[in-house]
Amino acid sequence: MREIRMLKQLKHPNLVRLIEVFRRKKRLHLVFDYVDHTLLNELDRHPRGLPEQMVKKIIYQTLLAVNFCHQYNTIHRDVKPENILITRQGQVKLCDFGFARILSDLIPRHMQIFSNNAFFKGMSIPEPDRLEPLDEKFPGAAPQTMSFMQTCLKMDPAERLTCQQLLEHPYMDLNMEMVTASKHDGPVRKKTFQPQLPLLQAPTATSPVPNPKYQAMNKQKPRFNHHHLPNI
């Protein structure tokens with residue numbers, strides 16, 4: 001029920017759309033937009049890694065979705081390739097809000113429980129023997145790409161950029177608002193660029209069942225000979 005309430009409130013082009021909710025045989029059924037594949041399918045198709053332009057477009061649209069959720073004090077908590085849907089037109093849609101929470105739902109008693117959780121007391125995170133810097137792991141990455149990854153992986157949340165700041169990072173230069181000026185057009189115009197992935201070519205197949213519409217159009221009309229009357 002929590003997921004249904006959230007999806008009814010959160011309406012965004014990069015969030016999966018809840019079309020209908022109905023109950024049948026004591027079970028609740030949710031009807032969503034149909035999207036044919038996920039980011040995990042794209043990763044399986046490219047075992048050596050996705051093209052950088054495709055990565056940039058997917059990240060940009062995912063940030064738009066997460067940033068919209070954060071504006072409404074909602075945290076998704078389960079962003080992963082399986083939950084990032086991609087339409088045939090290349091539009092990203094974030095789905096599966098089963099683990100999502102609204103921050104305003106936390107009352108002071110809940111916050112105290114989280115801060116004094118006994119399961120986390122005395123636990124320590126093991127330290128690795130050697131830290132591998134990003135520049136060694138990705139030696140051919142551009143400076144803007146390296147800066148984007150480094151700021152996403154900051155351990156301290158206070159030093160980590162927000163989704164809105166990441167959208168404005170120079171790494172996303174192709175996806176920002178493009179300002180074009182023309183001497184003949186007068187003032188400066190702003191054009192919003194909505195990134196899209198390459199359109200997937202769907203297999204073309206002809207149906208063996210004839211279409212009545214086109215069948216009626218192509219049907220030849222009978223010709224009558226006005227000079228010859230039928231025999232009685």
Side-chain angles (χ1 to χ4, degrees), residues 14-16 35 37-86 90-103 106 110-176 195-198:
N14 296 116
L15 296 179
V16 67
V35 184
H37 70 290
T38 68
L39 177 57
L40 183 61
N41 301 130
E42 292 289 346
L43 293 174
D44 292 337
R45 287 177 52 194
H46 301 82
R48 298 181 62 87
L50 299 177
E52 187 174 4
Q53 290 301 322
M54 183 181 291
V55 172
K56 190 177 296 187
K57 294 174 182 178
I58 294 175
I59 293 177
Y60 182 78
Q61 295 184 72
T62 305
L63 286 173
L64 288 175
V66 177
N67 184 55
F68 179 81
C69 294
H70 290 177
Q71 291 175 355
Y72 286 85
N73 296 327
T74 302
I75 50 177
H76 188 276
R77 305 202 308 170
D78 198 20
V79 179
K80 58 184 179 181
E82 297 92 323
N83 293 336
I84 299 178
L85 310 180
I86 304 177
Q91 186 176 19
V92 168
K93 289 184 177 292
L94 187 63
C95 70
D96 195 353
F97 282 73
F99 289 99
R101 294 292 183 272
I102 299 178
L103 296 181
L106 295 179
H110 293 160
M111 299 177 64
Q112 183 179 6
I113 292 175
F114 282 126
S115 60
N116 299 327
N117 195 325
F119 291 100
F120 298 108
K121 288 186 176 180
M123 295 183 61
S124 60
I125 301 177
E127 293 289 339
D129 297 334
R130 179 181 179 275
L131 296 177
E132 184 179 9
L134 284 176
D135 52 358
E136 292 184 8
K137 190 172 184 63
F138 304 98
Q144 293 181 353
T145 305
M146 187 62 60
S147 172
F148 186 86
M149 291 191 295
Q150 289 174 346
T151 188
C152 288
L153 298 177
K154 291 287 186 181
M155 295 296 295
D156 188 357
E159 300 179 0
R160 199 180 307 147
L161 295 185
T162 64
C163 290
Q164 183 61 42
Q165 292 172 331
L166 290 174
L167 289 170
E168 300 170 356
H169 193 275
Y171 178 70
M172 295 295 177
D173 54 349
L174 295 179
N175 300 303
M176 295 180 182
Q196 297 292 340
L197 293 181

Item to check | His46 to Pro51 - nearest heavy-atom pair and separation | outcome: CD2-CD, 4.0 Å

Next on the checklist: Under the side chain to side chain contact (heavy atoms under 4.5 Å, CB included) test against Val92, which residue among Val35, Ile59, Thr62 passes?
Outcome noted: Thr62

Next on the checklist: Nearest 0.5 Å, please: how far is CD in Gln61 from CG in Leu15?
Outcome noted: 11.5 Å

Next on the checklist: When you compare the side chain of Asn14 with that of Leu94, does any pair of heavy atoms fall below 4.5 Å?
Outcome noted: no

Item to check | Modelled atom types, side-chain donor and acceptor of Gln165 and Thr151, under 3.5 Å | outcome: no

Item to check | Met172 side chain near Leu167 side chain, heavy-atom distance below 4.5 Å | outcome: no

Checklist entry - Looking at Gln144 and Pro170, what are the two nearest heavy atoms and their distance? => result OE1-O, 3.3 Å

Item to check | Expected output: side-chain Asn41 to main-chain Thr38 donor-acceptor under 3.5 Å | outcome: yes

Next on the checklist: So which atom in Glu52 and which in Tyr171 form the shortest heavy-atom distance, rounded to 0.1 Å?
Outcome noted: OE2-CE1, 3.6 Å

Next on the checklist: Please enumerate all residues that pass side-chain contact (heavy atoms from CB on, under 4.5 Å) together with Cys163, with sequence neighbours excluded.
Outcome noted: Leu63, Val66, Asn67, His70

Item to check | Nearest-0.5 Å distance, CG of residue Leu161 to CD of residue Glu168 | outcome: 10.0 Å

Checklist entry - Taking it one step at a time, do Leu39 and Leu50 satisfy side-chain contact (heavy atoms from CB on, under 4.5 Å)? => result CA-CA 10 Å; Leu39 177 57; Leu50 299 177; 3.9 Å; yes

Checklist entry - What's the spacing between Leu166 CG and Leu64 CG if we round to 0.5 Å? => result 11.5 Å

Next on the checklist: List the residues meeting side-chain contact (heavy atoms from CB on, under 4.5 Å) with Phe138, not counting sequence neighbours, and say none if there are none.
Outcome noted: Leu134, Ala141, Met146, Met149

Checklist entry - Going through the checks in order, is the side-chain contact (heavy atoms from CB on, under 4.5 Å) test met by Gln71 and Phe68? => result CA-CA 5 Å; Gln71 291 175 355; Phe68 179 81; 4.2 Å; yes

Item to check | Test item: His37 side-chain N/O and Glu42 main-chain N/O as donor-acceptor pair under 3.5 Å | outcome: no

Checklist entry - Applying salt bridge (charged side-chain N to carboxylate O under 4.0 Å, His left out), which residue pairs with at least one partner in residues 152-162 are found, sequence neighbours left out? => result none

Checklist entry - Under the 3.5 angstrom rule, does the side chain of Asn83 hit a backbone N or O of Asp78 as a donor-acceptor pair? => result yes

